[in-house]
Structure formats: structure tokens, C-alpha cells
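We use all heavy atoms of the structure for the numbers below, so side chains are in, but hydrogens, waters and symmetry mates are not. Start at 1 and go down the list; that is how both ligands and their atoms are numbered.
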Amino acid sequence: MSADGLPERFDVVVHPARELRGELRAQPSKNYTTRYLLAAALAEGQTRVVGVATSEDAEAMLRCLEDWGAGVTLVGDDAVIRGFGAAPRAGVNLNPGNAGAVARFLMGVAALTTDTTFVTDYADSLGKRPQGDLLTALERLGARVSSDGGRLPITVGGPVRGGVVEVSAEKSSQYASALMFLAPLLPDGLDLRLTDEIKSHAPLRQTLDTLAAFGVRATASEDLSRITIPGGQRYHAERVTVPGDYPGSAAILAAAATVPGVLRLSNLRERDLQGEREAVAVLREMGADIVREGDTLVVRGGRPLHAVTRDGDGFTDAVQALTAAAAGAAGTTTWENVSTLRLKECDRISDTRRELQRLGLSAAETADSLSVTGAERVAGGVTADGHGDHRMIMLLTVLGLRADAPITITGAHHVRKSYPMFFRHLEALGAHFEYRPTDAP
Ligand SMILES: O=C(O)C1=C[C@@H](OP(=O)(O)O)[C@@H](O)[C@H](O)C1
Ligand SMILES: C=C(OP(=O)(O)O)C(=O)O
């Protein structure tokens, strides 16, 4: 059994919920957890990271940082990190699990070592995701890079001095973020030129926010196409606190908006650089009753919703949760400009369209958009594929809560990648699940 009391690997049976009612505290942010832990390890001395996430991605970052020589002590909900500064241990094999941001950020920093090799057990997920744009930028800086056609396993080695370098931001913002973490520790720093269409601006601003929190000077053009970080700097922060997680909360908010009841969800600060805070505005635009009381959102569920058309790139990690709400909204909802969704843990455009259709919903896709036509009822009584993707599992779960008959989701344990307490949180609101152990990975 795992810490959440659930089987190590399981399929979940989602029973329809008549009502969701109660209070929850949003879990710690995945994006800020990975950033603060890495920055703390790049500092010399000790940093307390208050309220870190306990997800698989957080554990992956902690594991890799320890392998690189950081001291990690978990004290209650906090992680106390003794950093290795600009000298991660050389000759190490790092395993980032299935965590894309962890893998990318560490591949950038690996230019501080003579050689670091990155491997993964998730050949069909992280192993398939593209790394070429980051590797090209690292090679332009003089790093030695070897890969399997731009995919893991990958070895990166320095030293590099820094300077002017271009990096494409069209497939992922994580490549640029990776170089931003490396930059201040290089002799010459980095003058980053982000090329092609820049996607996922919000995580780039979260990276800038993290550098500032650790005393690192950086300047960026308003459109983020140019980011300049002087070299010879040091990371330093005594203590940082991880804010609440908007991407995972978007699934809870979608559930609360589509099922009758009242939810109070706290620990979601109004001023926050996570793009997925926009999920609140989108749900309101759809007709949901959501009121903010400071850092708490109050949702009164069950109101009729209507479709919207939105550019989804600004809240990429909330698109699937919002799709679950859109599946019950009158009309056809379209998320535009979401091509990067094809490059996540699964192809979140085609695989989501397929699962929606499997549940009897009308859905469509183009190269960079996903649409769903809402239906008053979802029949349920089917087994859906979780695709090993935490956000697909959350989408399907929210649909199951509203279905006429139970929905079974395969590989539901993969929700632990970002939200280990997801099912327990919904149970606290009155949802009912069955957990069926499985030998499937
Ligand atoms: O920088 C980050 O922490 C992240 C950036 C986003 O990825 P892309 O930049 O690839 O869209 C997001 O989907 C991911 O969950 C986390
Ligand atoms: C894609 C995600 O994360 P990552 O890119 O870090 O794997 C996500 O959290 O939805």
C-alpha cells in the first residue's frame, strides 16, 4: 500500500456523485516545487522550502538533486536543502521518472558537470517527448551532447562559458527555463534569444520569479523573446514557501462546478503567475458560480454551463480539466493554439478526443485545437484509458462523477505524478471510488 492508503497500481471505478460538499486546501504547486528545490540545490548553504509537493515529480527532483550531491532533509511538510552551488557531482546517471520539467531543467544545469546521463523508465511517455531544441542550444554553447535522436537516454557535459544563444520555445518553454537556471552560474552568463512562436509564457515568468526569489538578477523583454542573465552570480534564499497548485485545483473546481453542492478551496492566492489561475475566469465565463474570498474560492455547483472558445496556451495544464466541464456545457467548446498538448505525457489532443468519443461525447481536433460538444448526460458504464497521464485521469474522473453509470479508468495510480491526494480529496467532498489493484505499469 502507498502513503495514500491506495494500492501501488490500480484502476479506479468512479461512481456518479449526487453532491460534492466540503472544504479543501489546494495542494502545493508542482511548478514552484520543482523550481524552488532546484534553485535551493544551486545555492550554497541551506534553504528551507516550506510546504513542498509530495508528488512523483517532486520526488523525482529530490532524488536527482540528492544524486548530484545536495543534502535533502524532510522536516514535516518542508524540505531543507543543502546546496551544491555550481558544482553538481560529475559522472552521475539521473532518473527524472516521467517528469518533463524536471528532466529539462536538469539537462540544462548538467552543462555545469563534465558529464551527466539522463535515463527514464517511461519509454512510452517521457522517452517519446522531444528534447532536441534544448540539446541544440546546449551544443551551440559548446556542451558535449549525445542522445537517441534527440530523445532520452541523453548525456550532457560541459564546461561552457555562456554568451548569446538562441533556443526555440515553440514546442516547450521548459528548454528556455532550463537555460535560465544554468545562466547565472556561468562565467559569461546568457543572453537568451527565444525563437519561433513562444509557447507557455506563464511558466517562463514562474522561472524569472524563482530567480528573483533567490537573488539572481535577470532582465526580460515584455514578450520574453530576449532574456539576459549576467554570469558570476550566486543563488541564495534562506526560506521560500510553495504556493497552492492551480493546475490540479482546476480539476477540483471543474468537478465542483459540474456537480451540485458547495466547495471551499483554500490556498489559491489571487496574485499568482501560474497561468492556470485563468481556469477560474474560464469557468465563470461558462456560467459557473465561483466567488473569491481572499485565497479561498467558493464554488456552488450544478448551474447550467455554456460553451466557450478560448486560446488554451495560457493555461495549458488546465485544458483537460476544463474540457471535463465543457463536456456538460451547452454548445461546442474549442481550445485553440494548444499544439503543445500533443507533446505532454500523452498526445492530449488526440487521446482526449478518443476518450471523449469512447464516453459517447462528440469531440473533434485539428493540428492545434481540441473541441467538445456538451451533452446533458454522460452514459458511463464503460472503461476509459488513462493513457498513463495524470491530467487525463483527472478529466475522466470528473466526467465519471457526472455520468449515469460508473466509469472505470485504467492506470489511475498515475495521478500521483502531480496530485497524489486527488481521489482522497474528492472522497472528502462525498465522491465514492473503488480501487482495483492491477499489475499493469
Ligand atoms: O515549466 C514548467 O514547470 C511547466 C511548463 C509547461 O510545459 P510546456 O512549457 O512544455 O508547455 C507545463 O505543461 C508543465 O506542466 C510544467
Ligand atoms: C506536462 C506536465 O508536466 P511535465 O511537462 O513537467 O511532465 C503536466 O504537469 O501536465
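Without hydrogens or angle criteria, Thr47 side chain to Ala237 main chain gives a donor-acceptor distance under 3.5 Å.
Atom 10 (O) of ligand 2 has Arg391 NE, 2.7 Å as its closest protein atom, hydrogens excluded (heavy atom only). Looking only at heavy atoms of the protein, atom 1 (C) of ligand 2 is closest to Glu345 OE1, 3.1 Å. Ranking the protein heavy atoms by distance from atom 8 (P) of ligand 1 puts Lys344 NZ, 3.3 Å first. Of the protein's non-hydrogen atoms, the one nearest atom 4 (C) of ligand 1 is Gln174 NE2, 3.4 Å. Annotation: atom 3 (O) of ligand 2 to nearest protein heavy atom, Lys30 NZ, 3.1 Å.
When heavy-atom distances to ligand 2 are checked against a 4.0 Å cut-off, Arg348 comes that close only through its side chain, counted from C-beta outward. Within the 4.0 Å heavy-atom criterion, both parts of Ser173, backbone and side chain, lie near ligand 1. Neither the backbone nor the side chain of Phe315 comes within 4.0 Å of ligand 1, counting heavy atoms alone. Here Arg129 has side-chain heavy atoms under 4.0 Å from ligand 2, and that is the only part of it that gets that close. Of all the heavy atoms of Gln206, none lies under 4.0 Å from any atom of ligand 1, so neither backbone nor side chain is involved.
Close contacts between ligand 2 and His390 involve ligand atoms 8 (C), 9 (O), 10 (O) [criterion: under 4.0 Å to a heavy atom]. Here is the list of ligand 1 atoms found below 4.0 Å of a heavy atom in Lys30: 14 (C), 15 (O), 16 (C). The Ser200 neighbourhood of ligand 1 comprises atoms 8 (P), 9 (O), 11 (O), with distances under 4.0 Å to a heavy atom of that residue. Set against the non-hydrogen atoms of Asp317, the atoms of ligand 2 under 4.0 Å away are 8 (C), 9 (O), 10 (O). Shown in contact with Lys344 at under 4.0 Å from a heavy atom are these atoms of ligand 2, numbered in order with element: 1 (C). In summary, the atoms of ligand 2 found under 4.0 Å from a heavy atom of Lys417, numbered by their order in the structure, are 3 (O), 4 (P), 7 (O). Interface of Ser172 with ligand 1, defined as ligand atoms under 4.0 Å from a residue heavy atom, comprises 8 (P), 9 (O), 10 (O). If you number the atoms of ligand 2 from 1 as listed, the ones under 4.0 Å from a heavy atom of Ala101 come out as 4 (P), 5 (O), 6 (O).
The nearest non-hydrogen atom to atom 14 (C) of ligand 1, considering only Thr33, Thr316, Asp317, comes from Asp317. Closest to atom 1 (O) of ligand 1 by heavy atom, among Arg35, Arg104, His390, is Arg35.
Side-chain contact annotation: Gln320 with Thr352, donor-acceptor N/O pair under 3.5 Å present. There is no side-chain donor-acceptor pair under 3.5 Å between His425 and Gln27. Between the side chains of His413 and Tyr435, no donor-acceptor pair is found at a separation under 3.5 Å. If you check the side chains of Ser266 and Asp295, you find no donor sitting under 3.5 Å from an acceptor.
Residues forming a salt bridge (charged side-chain N to carboxylate O under 4.0 Å, His left out) with Asp209 (at least two apart in sequence, or on another chain): none. Here Tyr36 pairs with Tyr32 under the ring-ring contact (aromatic ring centres under 6.0 Å, His included) rule; sequence neighbours left out.
A salt bridge between Arg226 and Asp191 is present, with a side-chain N of the basic residue lying under 4.0 Å from a carboxylate O of the acidic one. We find that Glu222 and Arg205 are joined by a salt bridge, their nearest charged nitrogen and carboxylate oxygen being less than 4.0 Å apart. A salt bridge links Arg424 and Glu427; the closest N-O separation between the charged side-chain nitrogens and carboxylate oxygens is under 4.0 Å. Here Arg310 pairs with Glu285 in a salt bridge; the nearest charged N to carboxylate O distance falls below 4.0 Å.
Geometrically, ligand 2 and Gly100 share a nitrogen or oxygen pair separated by less than 3.5 Å. Looking at Thr34 next to ligand 1, no N or O pair under 3.5 Å apart turns up. Where the criterion is an N or O separation shorter than 3.5 Å, residue side chain and backbone included, Val102 fails it with respect to ligand 2.
Enclosure of atom CG in Asp77 is not indicated, since only 12 or fewer non-hydrogen atoms of other residues, nucleotides or ligands lie within 6.0 angstrom. The neighbour count for Lys171 NZ, taken as heavy atoms of other residues, nucleotides or ligands under 6.0 Å away, does not exceed 12.
Considering CG of Leu42 and CZ of Phe181, their distance stands at 8.0 Å, rounded to 0.5 Å.
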